[in-house]
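Chain letters run A, B, ... following the sequence lines, proteins first and then strands; every chain starts at 1.
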Number of protein chains: 2
Amino acid sequence: MANAFNGKVPDALGEGRQLLLERPHASACRSAIRRQRHFSPAGGARHMNSFGEPLRLLGWITGADAEQLDQLARERVADFAPREDIVSEGDPPQFMHAVLRGWLCHYKALPNGRRQITGFSLPGDICDERVFLIRQMDHSIAAVTNATVGLIDRHRLQDLMGRRPRLQQAMARQSYLRLSMQREWLVSVGQRGAIERLAHLLCELHLRLEAVGQAEPDSCEMPLTQSEIAEATGLSTVHVNRTLQELRAANLIVLRDRTLQIPDLRALREAAMFDPSYLRCGDKDVPGNG
Amino acid sequence: MANAFNGKVPDALGEGRQLLLERPHASACRSAIRRQRHFSPAGGARHMNSFGEPLRLLGWITGADAEQLDQLARERVADFAPREDIVSEGDPPQFMHAVLRGWLCHYKALPNGRRQITGFSLPGDICDERVFLIRQMDHSIAAVTNATVGLIDRHRLQDLMGRRPRLQQAMARQSYLRLSMQREWLVSVGQRGAIERLAHLLCELHLRLEAVGQAEPDSCEMPLTQSEIAEATGLSTVHVNRTLQELRAANLIVLRDRTLQIPDLRALREAAMFDPSYLRCGDKDVPGNG
DNA sequence: CGGGCAGTTGAATCCAATCAAAGCCTGTGG
DNA sequence: CCACAGGCTTTGATTGGATTCAACTGCCCG
C-alpha cells in the first residue's frame, strides 16, 4: 500500500488500466464547454472517489515523503468531464493538481481563435508543480477524458515542501521533465514532417503510459480526438487524418476504438526519430525503451 | 557594487551595452565549428575578464544571497566564439552557466541533420539552473556572438543552495520562466504564421534585452543571423528573408547593421499577437510592456 | 584577388491548409 | 423503434504558404 516503490514501474494497480475509457468523450451533461471557469471553490469537489494511479513523482521519493504527498493528493479530489477547464489562463492558482485518473491537456489560446495544446498530463503526473511561484496561470489545463484530479492546497504544499527537502527536489525533477518534454515538442513541430510528428507523439504517450503501468509493450489507450492531436502537433485536422492513414498503411500503427496498437515499436520510433532519453529526466531509466 | 537592486532594471552597467557587437560573427580563428566538444576542462578557462552584466536572477534575490551567487559566477569565466558549443548534448554537465556577455542559443540536433534552436540566453540569464539534477545534457548550448560565460561548479552551487533557500527559490523562478518561454515558442511555431512568428521573436528578444538594460524602448541589438532566426522559428532561411522584408515593407521594423529598430512597438506587438505576460514569471512586472 | 559567409532574388515544387460534403456512430427524444 | 442531432472521421478538390534549388550580390578578410 505504502507507495514505496523506487524508480521502476508500479504495475500494482493494474486494475485501473481499463478505467480510462469507460465513457470516452461522452459529450455528457455539459455540452462543449470551452474555457469554462468551473473549478470547485473551496470544498466544492463534485465527486469523491478513492481509486487512482500512484503519482509518478513518487518514483523519486519514498517513505514518509511519499505517503504524505500521496495522502495530500487524495484528500480532496474533483472529477471533470471531457473539454472542461480545470484551471484557465489568468486564474489565480489555488491548488496544485495531481492526475489520479484520465488525461488532461495543457493549452494556450490565441486571439485569432486557434489554440495550441502544449502537453498532456497523464495519470500520476503533477500538472503545475510551480503554482506557488505565480499569481496567474499563464496557460489553461483542461480534461481530455473523464478525469479525477487531486487538489493540493498550495500553502499546505509549500509548507510540506519546506519541511521535506526531498519532496522539493522531486518537484524540481517533475519541473525539469516537463521542460524537457516541452523542448522536444518544439523540436517536433519546428523540424519534423507530419508523419514523424504524429509518430513521435504516439511514441511519447505510449512510453509515458507504460512508465505508469497503463500500457502494454505494444499497445495503449488513445482517447485523443484527431482534432486534439492536430492542436497538439500544429497540423490541421484533416491532415492529421490523412497522415494517420499513411501510418496505418505503412503498418506502423493500428488505431481503432480509441486503442493504439504498435506492431513494430522499433520501426515506429525510427520513423519518428524518437529518442526516449528526453523522458529520462537526466539519470533515471525509463522502462520500455529497449 | 553589491547587486542589491530589487526587481527593477539595473541600468547601471550601461557601458556594457555596445559591447555585444564589437566583433559580431567574426568567423575568427576557429572556423564553423559545430557541436564541438570544447568546454574548458577543469581550470582551462581561456580568458579571464571581469566585466559583464548582473545576473537577472538577482532581481529575485538580494543581499548576501545575491553577492554570493554573483561572486560564484564571476570566479571562473570562459570566452566563446560564435558557433562554438559551450556544452553539447550528451555531455555530463560539470558547471552551471551564467551569461555575462553576449548571446547563447540552446538547440537540439536531429538525426536528419536539421536542428531546432529552442531558446536564447541573454546577458544575465542562467542557462541550466537544473544541471545538478541530470547526468547528461539533453540539449546543446552554443555561443551566438562572442560571449563570456560564468562557470559555476555544480557541487558548490548545490551546496550554496542548500544553505540559502531563497537562492533555491530564485532558481525555481528562472526554471519556471524558461518553461514559460518554451511553451510560448511552441505556440508560435505551432499556430502563428511566418510574419507573426518573426515579429513575436523580435518582440520577445527586445523585451528581454530591455529588462536587463540592454535595449532602448524602440531599439536593440540583433546579432542573429537570418539562418539562426530560421532555426529558431522553424522556417527556412529564404522564407525568413522574404518575411523580414514584408515586416520592413509594413514599416514594423528597421533592421540593418545588426541593429533592430521598432518604429511602433504597439503595432509590432499586435502583428505578433505578443502578450508579454508569459515573461512576467507569474508575479513580477516586466519593464517596458506598456 | 579569391574564398567564405550573409543576404537577396527568382522559379518550380510540394507539403499542408482550407473549403466543402458525405459517412458514421452514439445518445436523445418522439 | 425510428428519426434526428452533434461530434468525429473520412474523402475530394482546390488553394496557398513555405521549401527547395539555384544563382547572384555585397562584404569582410586573408
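- Contact detail for B/K108 and B/D138: the closest heavy-atom pair is CE-O, 3.2 Å.
- As rounded to whole Å, 18 Å separates atom P of D/dC21 from atom CG of B/N241.
- Here the CD1-OG distance, from A/I262 to A/S219, works out to 8.0 Å after rounding to the nearest 0.5 Å.
- Note on A/R256: nothing from the nucleic acid sits closer than 4.0 angstrom, heavy atoms only.
- Side chains of B/S236 and B/R242: no donor on one and acceptor on the other come within 3.5 Å.
- Pairing each heavy atom of A/L104 with each of A/C127, the nearest pair is CD1-SG, 3.5 Å.
- Regarding A/R258, its CZ atom lies at a distance of 8 Å from the C1' atom of D/dC8, rounded to whole Å.
- The two atoms that bring A/P82 and A/N146 nearest to each other are CD-OD1, 3.2 Å, heavy atoms only.
- Rounding to the nearest 0.5 Å places SG of B/C203 at 11.0 Å from CG of B/D275.
- Computed from coordinates, the A/D257 CG to D/dT9 P distance equals 12 Å when rounded to whole Å.
- Between the CD atom of A/E231 and the P atom of C/dA16 there is a distance of 18 Å, rounded to whole Å.
- The minimum heavy-atom distance linking B/E210 with B/P217 is given by the pair OE2-CA, 3.5 Å.
- Here the P atom of nucleotide C/dA6 and the CD atom of B/Q245 are 17 Å apart, to the nearest Å.
- Expressed to the nearest 0.5 Å, how far CG of A/L224 lies from CD1 of A/I117 amounts to 7.5 Å.
- Counting to the nearest Å, the P atom of C/dC24 and the CD atom of A/Q226 are 16 Å from each other.
- At its two ends the helix from C/dC1-D/dG30 to C/dG30-D/dC1 runs along axes set 30° apart, each axis drawn from five pairs and the angle rounded to 10°.
- A/R258 approaches A/E221 most closely through the heavy-atom pair O-OE1, 3.6 Å.
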Please enumerate all protein N or O atoms sitting under 3.5 Å from an N or O of nucleotides 16-18 of chain D, with distances to 0.1 Å.
residue: D/dA18; atom: OP1; partner: B/A194; partner atom: N; Å: 3.2
residue: D/dA18; atom: OP2; partner: B/H239; partner atom: NE2; Å: 3.4

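- Following rounding to the nearest Å, B/R83 (CZ) and C/dC5 (P) show an atom-to-atom distance of 8 Å.
- The CZ-P distance, from A/R242 to C/dA17, rounds to 10 Å in whole Å.
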